[in-house]
Amino acid sequence: MKTSNFHLFTTRETPAEAEIVSHQLMLRCGMIRKLTSGIYTWTPLGLRVLRKVEGIVRDELDKAGYQELLMPAVQPSELWQETGRWEKFGAQLLKIRDRAGRDYCFGPTHEEVITDFVRSEIRSYKQLPITFYQIQTKFRDEIRPRFGVMRSREFLMKDAYSFHIDHASLDKTYWEMYEVYSRIFTRLGLGFRSVEADSGAIGGNKSHEFHVLADSGEDQIAFSDQSDYASNVELTPIKQEETGPAEPAEEFRTVDTPDAHTIDELVNAYGVPVEKTIKTLIVHAGEEQTADFVALLIRGDRTLNTLKAEKLEEVASPLLFATDKEIRDAIGAGPGSLGPVGLSIPVIADYEVACLSDFAAGANTDDQHFFGINWGRDVEVPATADLRTAVEGDISPDGKGILQMARGIEVGHIFQLGTAYSEAMNAVVLGEDGKSHVMPMGCYGIGITRIVAAAIEQNNDESGICWPEPIAPFQVVVLPMNAKKSHRVREAAEKLYAELLEAGVEVLYDDRDLRPGVMFKDMELIGIPHRVVIGERGLDSGALEYRYRRDSENSEIPLDGALDSILKKLGNK
RNA sequence: CGGGGUGUAGCUCAGCCUGGUAGAGCACCACGUUCGGGACGUGGGGGUCGUGAGUUCAAAUCUCGCCACCCCGACCA
């Protein structure tokens, strides 16, 4: 490709809307252009990268024996009614209506369509297991699209679905897919980690996320420093400590605390160690409960994990905090003065809270706290549960090592759906026993679009992008110095360009009549891995200059046999 | 949806407080000088100042409504 025939438009300045480095660089390179919130055009440059990612994903899936198909982006509401998701999926589902007044949605995912396809195509257990996949445009009407293509509303996704005669077969495919995913992300040149995850709105049982590790990631990952345990921190369980609370050492006492309504104020004004304080959070009770509210106790320096809390039957799901007025009506004190002693509503304490001694908490009377509280002596020992979010330094749930934290960008997610969809849609096959069996399903997603952004997050420097070679838009760039003034330079460059093309190399030849500095800056910005510079200087000594994008020094390659030298570099890196 | 912010040339922004001729840098076009790390000069094209109403002799500027976009939270590949 010659730059004269390639739409390249780079900018020196960073557009104001871009917050993170990948978004900034994608805009500065001219890889994407925003049409409207969360919806982007991919320019020829950006599309080359997107296609590379897509190609690698497709290649590995094909090798694993999964079959590609292509499902419609627009889906009829009837299918979604069958699974109940027409209502349940919520506002993320973009609903549209045709001229006859029939309802459709723009597909955010394809469980319904694939299940419909399979229930009419597959009749016998002998055809199972079977896995289909597609690479296709999805639309999710995100509440807040963000970070360019990292969280866009319209995006390209690889989604795969597997169907099985029994759970054992599903489990087998699931772990095969786990390996395929690992191969894909390795081949893409990404630093990643797989973690145990919550299955979220898609539903189902077992689930793993694949995260590209990057500081700008939106997810927090907890992992053990001594084992391969890793999980999304929203899910990381915390073990109950085996040792109970220490013997009481302090007198129980009531203290007037008119200026302490937060944990911070309590700690600063009264010298209570923060790890001897507890927060009392009042939330709505679950449907079957007799009380209206439940009090959740968390150590003062910890945060409530809402996912864990709402899984408790005592707690309403979704979690709903009581308002200040509700708290005052039920307890007779404001939210800044609550505690477990003398509380009239059910109490659930975090495991850690149950192990405290001589701690401080509100007195359920405005402007008063109790100090030196001890379980059993001053207040009944409460029910306990795992309520808080894990933090760095906690013991790993597998008992091996302590937890570290990292930030990640979720680029893949695999689920064992079980029969949630196949049952709702009556997707059955005949088994060996001659009876109908509901097919357990797995589903497996990769965010193709997001991978491009994640790869940039992980591979950039002050000059621009440093693409991993497998997904670079071009492998090599040929830069002639002042070609207009020099026949020799122009001829040598044209010749090398032709040879590289002939050899099947993806080469960009910068034939624009530009000052060298501009070319260098442009090519470093767009991150082409290999650069060959041709100038009078080098030609005089029979050499070309070569530089790898991540290096800071040039090396020379002899003009004679330059093609072979370059091919060797491509193979080596 | 709640909270905060911004809308002026393709991009980055000034001008608004204190109403009166719409600006700069980058980008773009032409010519010339330059030319191995984002050159310089001269000339030029380009804006219904987000939008609608109001106040006023006069609105980018003041007032009100609306819209869009961005940032912080819950959601997700």
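Convention: sequence-line order gives letters A, B, ...; per-chain numbering from 1.
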Colleague: Does a nitrogen or oxygen in the side chain of A:Arg146 sit under 4.0 Å from OP1 or OP2 of B:C72?
Modeller: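 Yes, such a contact exists.
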Colleague: How are the rings of A:Tyr548 and A:His530 set to each other: parallel, tilted or perpendicular (split at 30° and 60°)?
Modeller: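 Rings of A:Tyr548 and A:His530: tilted, 30 to 60°.
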Colleague: Taking the nucleotide of RNA chain B with the nearest heavy atom to each, does A:Lys34 or A:Ser152 sit closer to the 5' end?
Modeller: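 Mapping each residue to its closest nucleotide by heavy atoms, the 5'-most match is A:Lys34.
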Colleague: Reckon A:Val518 touches a base, only the sugar-phosphate, or nothing at all at heavy-atom distances under 4.0 Å?
Modeller: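 Answer is base: heavy atoms of A:Val518 come under 4.0 Å of a base.
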Colleague: Have a look at A:Gly517 and say if it touches a base, only the backbone sugar-phosphate, or nothing, with a 4.0 Å heavy-atom cut-off.
Modeller: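 Counting heavy atoms under 4.0 Å across all strands, the contact made by A:Gly517 is with sugar-phosphate only.
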Colleague: Could you tell me how far B:G65 sits from B:G5 if I compare only their P atoms? Round to whole Å.
Modeller: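 Taking atom P in both B:G5 and B:G65, they lie 15 Å apart.
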Colleague: Whole-Å distance between B:C70 P and A:Glu142 CD?
Modeller: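 Between P of B:C70 and CD of A:Glu142: 13 Å.
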Colleague: Let me know the distance between CG of A:Leu156 and P of B:C76, rounded to the nearest Å.
Modeller: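 One finds 21 Å between P of B:C76 and CG of A:Leu156, rounded.
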Colleague: Taking the same atom, P, in B:U18 and in B:U63, what whole-Å distance lies between them?
Modeller: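 It comes out at 10 Å once rounded to the nearest Å.
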Colleague: OP1 or OP2 of B:C69 versus the side-chain N and O atoms of A:Thr36: is any pair under 4.0 Å?
Modeller: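 Yes, because at least one side-chain N or O of A:Thr36 sits under 4.0 Å from OP1 or OP2 of B:C69.
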Colleague: Check the distance between B:G36's C1' and A:Leu539's CG and give it to me in whole angstrom.
Modeller: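 Between C1' of B:G36 and CG of A:Leu539: 13 Å.
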Colleague: Once you round it to whole Å, what is the distance between P of B:A39 and CG of A:Asn482?
Modeller: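 Atom-to-atom, A:Asn482 to B:A39, this comes out as 13 Å.
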Colleague: Look at the side-chain N and O atoms of A:Arg144 and state whether any lies under 4.0 Å from the OP1 or OP2 oxygen of B:C75.
Modeller: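 No.
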Colleague: Calculate the interatomic distance between A:Glu218 atom CD and B:A74 atom C1'; express it in whole Å.
Modeller: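 My rounded result for the distance is 12 Å.
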Colleague: Taking the nucleotide of RNA chain B with the closest heavy atom to each, which residue, A:Met150 or A:Phe147, is nearer the 5' end?
Modeller: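 Checking each residue's closest nucleotide, the 5'-ward one belongs to A:Phe147.
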Colleague: Heavy atoms under 4.0 Å, any strand shown: does A:Asp159 hit a base, just sugar-phosphate, or nothing?
Modeller: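 The answer is nothing, as A:Asp159 stays clear of every strand by at least 4.0 Å.
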Colleague: By side chain to side chain contact (heavy atoms under 4.5 Å, CB included), which residues pair with A:Arg547, not counting sequence neighbours?
Modeller: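 A:Arg547 satisfies side chain to side chain contact (heavy atoms under 4.5 Å, CB included) with A:Glu524, A:Arg531, A:Asn554 once adjacent residues are dropped.
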Colleague: Expressed in whole Å, how much space separates the P atoms belonging to B:G47 and B:G23?
Modeller: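 B:G47 and B:G23 have their P atoms separated by 13 Å.
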Colleague: Which nucleotide, B:G37, B:C76, B:A39, lies nearest any side-chain atom of A:Asp219?
Modeller: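 Output: B:C76.
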Colleague: I'd like the P distance from B:A58 over to B:G20, given in whole Å.
Modeller: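 Here B:G20 and B:A58 have their P atoms 14 Å from each other.
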Colleague: Please say whether the positively charged group of A:Lys95, taken as NZ for Lys or CZ for Arg, lies over the ring of A:Trp86, i.e. under 6.0 angstrom from the six-membered ring centre and within 45 degrees of the axis.
Modeller: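 Yes, A:Lys95 lies over the aromatic ring of A:Trp86.
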Colleague: May I ask you to check whether A:Tyr161 and A:His110 place their ring centres under 6.0 Å from each other?
Modeller: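 Here the rings of A:Tyr161 and A:His110 have centres that are no less than 6.0 Å from each other.
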Colleague: List in chain and number order the residues that pass side chain to side chain contact (heavy atoms under 4.5 Å, CB included) with A:Ile263, two or more places apart in sequence or in another chain; answer none if no residue qualifies.
Modeller: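 Testing A:Ile263 for side chain to side chain contact (heavy atoms under 4.5 Å, CB included), a comparison that skips the adjacent residues, returns A:Val267, A:Val274, A:Thr277, A:Lys279.
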Colleague: A:Glu410: which residues meet the side chain to side chain contact (heavy atoms under 4.5 Å, CB included) condition with it, sequence neighbours left out?
Modeller: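 A:Glu410 satisfies side chain to side chain contact (heavy atoms under 4.5 Å, CB included) with A:Glu209, A:His211, A:Asp219, A:His413, A:Arg450 once adjacent residues are dropped.
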Colleague: Over how many whole Å does the gap from A:Gln92 atom CD to B:C1 atom P extend?
Modeller: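 Distance, rounded to whole Å: 15 Å.
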Colleague: Assess the residue pair A:Ser162 and A:Thr173 against the criterion (side-chain hydrogen bond (donor to acceptor under 3.5 Å, both in side chains)); give the C-alpha distance rounded to whole Å, side-chain angles, the decisive distance to 0.1 Å, and a yes or no.
Modeller: CA-CA 8 Å; A:Ser162 67; A:Thr173 298; 5.1 Å; no
Colleague: Sequence neighbours left out, cut at 3.5 Å: what donor-acceptor pairs do the side chains of residues 13-20 of chain A make with other protein atoms?
Modeller:
none

Colleague: Could you state the atom-to-atom distance from CG of A:Leu27 to P of B:C69 in whole Å?
Modeller: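 Whole-Å distance recorded here is 16 Å.
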Colleague: Is there a side-chain contact between A:Arg12 and the phosphate of B:C26, meaning an N or O under 4.0 Å from OP1 or OP2?
Modeller: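 For A:Arg12, the contact criterion (side-chain N or O under 4.0 Å from OP1 or OP2 of B:C26) is not met.
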Colleague: Does A:Gln92 have any side chain to side chain contact (heavy atoms under 4.5 Å, CB included) partners at least two apart in sequence or in another chain, and if so, which?
Modeller: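 A:Phe89, A:Arg140, A:Glu142.
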Colleague: Can A:Phe520 be called stacked on B:G38 when the rule is centres closer than 5.5 Å and an angle between planes below 30°?
Modeller: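 Check failed, A:Phe520 does not stack on base of B:G38.
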Colleague: Between C1' on B:C35 and CD on A:Glu536, what's the gap in Å once rounded to a whole number?
Modeller: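 Rounded to the whole Å, the gap is 13 Å.
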Colleague: Please measure how far the C1' atom in B:A14 lies from the corresponding atom in B:A24, and state the result in whole Å.
Modeller: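 Rounded to whole Å, the distance is 7 Å.
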Colleague: How would you summarise protein contacts on nucleotides 5-15 of chain B per nucleotide, using B for base, S for sugar-phosphate only and - for none, with heavy-atom distances below 4.0 Å?
Modeller: ------BSS--
Colleague: A:Phe415 has a side chain; which of B:U34, B:G38, B:A77 sits nearest to it?
Modeller: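 For A:Phe415, the side-chain atoms sit closest to B:A77.
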